Trainee: 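Here it is, the structure, as structure tokens.
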Amino acid sequence: HLSIRRQRQMCIRDSVKDAHFAVDELLGRARQTAFLVPGLALKITDERAAEPVEHAFKFDGGLVEFADFLAKDTPLTSTWRLSGSGAFTETIPVLNEQGNMESREVDRNCEVEVALRWGVGYETEVKSFVNIIATPKGGTHVAGFEQALLKTLRAQIDSVARKLKVGNDKIEKDDVFAGLTAVVSVRLAEPQFEGQTKEILGTPAVKNIVANVIAKALNERLNSTKRDDKAQSALLLEKIVAEMKSVSYTHLRAHETLMN
């Protein structure tokens with residue numbers, strides 16, 4: 001159990017008495033951290049008013065609860081948790097005994113966890129994190145996630161193309177991501193970031209690790225023989241194909257209008 005109440009009081013009263021906090025931003029950060037660390041309890045007490053207001057955050061469901069919180073539309077599937085890990089070797093500069101820099105290979109491990117669900121709507125929201133640090137501009141972990149999602153679902157749809165009446169159109173990224181809410185999280189030692197703000201993960205090996213983990217876990221889910229899993233998978237594939245046909249029809253009508 002972690003309490004930040006005493007620490008915050010000391011900071012506000014002793015150091016920056018006149019500071020104005022963006023309360024919503026502070027609460028949002030605490031809520032986000034509690035989602036990313038299942039079981040962690042955070043409490044913030046606002047004592048500026050006559051009656052103190054207490055906010056407590058604790059989510060045992062972790063990323064699954066986070067994705068449910070972010071989702072705004074009616075669910076088409078339940079929220080799926082996909083996880084795994086992969087090892088890689090990285091070359092890093094180190095200082096040797098003579099005080100000179102030299103390259104050395106080190107073994108790394110990357111843990112991957114993703115929670116995702118599709119809804120009946122068309123908006124997409126994907127949030128990504130590295131060691132609970134937000135990466136709003138994505139990076140190699142998001143690239144691997146997107147690659148695996150598109151490739152896996154294309155293959156699934158190809159396997160039942162006749163049944164779904166796919167035709168000659170090709171499934172695109174927008175078709176797959178319509179209605180998707182996802183949280184992508186990776187954990188690894190000494191991640192490489194692009195730029196000073198740490199908004200983009202740059203570690204190259206993470207892309208393939210995430211892609212392999214997601215492809216394996218998603219295929220297992222889509223090929224499950226459980227009745228509920230099969231029903232949800234069928235609904236998802238139908239939605240993606242319907243989205244593809246809708247976009248194709250819109251493009252065709254636009255082309256016909258221009259020709260006329």
Side-chain angles (χ1 to χ4, degrees), residues 63-84 112-128 136-186 207-256:
L63 298 194
V64 170
E65 285 194 64
F66 197 178
D68 289 338
F69 172 79
L70 294 170
K72 301 296 188 293
D73 55 358
T74 303
L76 183 75
T77 68
S78 58
T79 302
W80 300 341
R81 179 180 178 271
L82 313 177
S83 63
V112 181
E113 183 181 2
V114 172
L116 74 169
R117 52 86 85 182
W118 278 266
V120 298
Y122 302 98
E123 297 299 318
T124 302
E125 179 154 19
V126 177
K127 287 190 176 292
S128 63
K137 295 184 180 179
T140 51
H141 54 332
V142 175
F145 167 71
E146 293 180 347
Q147 174 185 298
L149 213 61
L150 181 56
K151 185 176 180 180
T152 301
L153 286 165
R154 271 180 174 169
Q156 287 286 330
I157 289 170
D158 284 346
S159 68
V160 289
R162 180 174 296 181
K163 179 181 178 182
L164 294 175
K165 301 178 181 178
V166 173
N168 296 321
D169 294 317
K170 186 177 181 181
I171 300 295
E172 301 295 346
K173 176 183 173 181
D174 287 348
D175 305 325
V176 170
F177 277 67
L180 172 70
T181 300
V183 182
V184 180
S185 175
V186 296
K207 179 179 178 179
N208 284 338
I209 291 173
V210 173
N212 290 335
V213 167
I214 298 307
K216 181 176 182 294
L218 186 58
N219 268 314
E220 288 176 356
R221 172 71 67 165
L222 295 172
N223 293 322
S224 170
T225 56
K226 294 179 181 178
R227 180 179 298 179
D228 188 47
D229 288 344
K230 289 176 67 175
Q232 290 187 40
S233 296
L235 288 173
L236 173 59
L237 299 186
E238 289 169 2
K239 174 184 170 63
I240 293 171
V241 171
E243 181 67 16
M244 176 198 69
K245 290 180 177 179
S246 174
V247 172
S248 298
Y249 179 73
T250 301
H251 288 169
L252 177 62
R253 290 300 303 271
H255 178 72
E256 291 175 346

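None of these values were measured; they are calculated from a predicted model.
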Trainee: Working to the nearest 0.5 angstrom, can you tell me the gap between L218 CG and W80 CH2?
Mentor: 6.5 Å
Trainee: If you round to the nearest 0.5 Å, how far is CD1 of I171 from CD of E243?
Mentor: 9.5 Å
Trainee: Go through it in stages, so that I can follow the logic: the residues are L153 and L236, the test is side chain to side chain contact (heavy atoms under 4.5 Å, CB included), and I'd like the CA-CA distance, side-chain angles, deciding distance and then a yes or no.
Mentor: CA-CA 9 Å; L153 286 165; L236 173 59; 4.0 Å; yes
Trainee: Hey, is NZ on K239 packed in by over 12 heavy atoms from elsewhere, all under 6.0 Å?
Mentor: yes
Trainee: Side chain to side chain contact (heavy atoms under 4.5 Å, CB included) for L149 and L116? Distances and angles first, verdict last.
Mentor: CA-CA 11 Å; L149 213 61; L116 74 169; 3.8 Å; yes
Trainee: Can you tell me how far OG of S185 sits from NZ of K127, rounded to the nearest 0.5 angstrom?
Mentor: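 Reported value, rounded in 0.5 Å steps: 13.5 Å.
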Trainee: Between Q156 and N223, does a side chain to side chain contact (heavy atoms under 4.5 Å, CB included) hold up when you go through it step by step?
Mentor: CA-CA 9 Å; Q156 287 286 330; N223 293 322; 3.2 Å; yes
Trainee: Using the salt bridge (Lys or Arg N to Asp or Glu O under 4.0 Å) rule, collect all pairs that involve residues 67-78, keeping only residues at least two apart or in two chains.
Mentor: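 Output for this query lists D73-R117.
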Trainee: Give the minimum heavy-atom separation between V112 and V186, together with the two atoms involved.
Mentor: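 Looking at all heavy atoms of both residues, the shortest contact is CG2-CG1, 4.2 Å.
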Trainee: Could I get the full list of side-chain hydrogen bond (donor to acceptor under 3.5 Å, both in side chains) partners for D228, not counting sequence neighbours?
Mentor: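 side-chain hydrogen bond (donor to acceptor under 3.5 Å, both in side chains) check on D228 returns Q232.
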Trainee: Please say whether more than 12 non-hydrogen atoms of neighbouring residues, nucleotides or ligands are located less than 6.0 Å from CD in E125.
Mentor: yes
Trainee: Once side-chain hydrogen bond (donor to acceptor under 3.5 Å, both in side chains) is applied, do any residues pair with D158, and if so which ones, sequence neighbours excluded?
Mentor: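 D158 satisfies side-chain hydrogen bond (donor to acceptor under 3.5 Å, both in side chains) with no residue once adjacent residues are dropped.
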Trainee: Suppose we screen for salt bridge (Lys or Arg N to Asp or Glu O under 4.0 Å). Which residues come up paired with K137, at least two apart in sequence or across chains?
Mentor: E199
Trainee: Below 4.0 angstrom, N of the basic side chain to O of the carboxylate: do E238 and K165 qualify?
Mentor: no
Trainee: Can you list everything that forms a salt bridge (Lys or Arg N to Asp or Glu O under 4.0 Å) with E146? Sequence neighbours excluded, please.
Mentor: K173
Trainee: First locate atom OG1 of T79, then atom CG of L63, and finally report the distance between them rounded to the nearest 0.5 Å.
Mentor: 11.0 Å
Trainee: CG/D175 to OH/Y122 distance, rounded to the nearest 0.5 angstrom?
Mentor: 11.5 Å
Trainee: Looking at residues at least two apart in the chain, or sitting in another chain, which of them share a salt bridge (Lys or Arg N to Asp or Glu O under 4.0 Å) with K207?
Mentor: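 Per chain and number, K207 pairs via salt bridge (Lys or Arg N to Asp or Glu O under 4.0 Å) with no residue.
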Trainee: Does Q147 form a side chain to side chain donor-acceptor pair (under 3.5 Å) with N208? I'd like the steps, not just the answer.
Mentor: CA-CA 9 Å; Q147 174 185 298; N208 284 338; 4.7 Å; no
Trainee: At their closest point, which heavy atom of G138 faces which heavy atom of S128, and how far apart are they?
Mentor: CA-OG, 4.0 Å
Trainee: Could you go through K226 and R221, starting from their C-alpha distance and side-chain angles, then the distance that decides it, and tell me whether this counts as side chain to side chain contact (heavy atoms under 4.5 Å, CB included)?
Mentor: CA-CA 9 Å; K226 294 179 181 178; R221 172 71 67 165; over 6 Å; no
Trainee: Just how far is it from atom CD1 of I214 to atom CG of L82, taken to the nearest 0.5 Å?
Mentor: 5.0 Å
Trainee: Which heavy atom of A182 sits nearest to which heavy atom of F145, and what is that distance?
Mentor: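 In terms of heavy atoms, the two residues are closest at CB-CZ, 3.8 Å.
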Trainee: State, with a plain yes or no, whether a side-chain heavy atom of M244 is found less than 4.5 Å away from one of V166.
Mentor: yes
Trainee: Return the minimal non-hydrogen interatomic distance between A211 and A148, and the atom names on each side.
Mentor: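 Result for this residue pair: O-CB, 3.3 Å.
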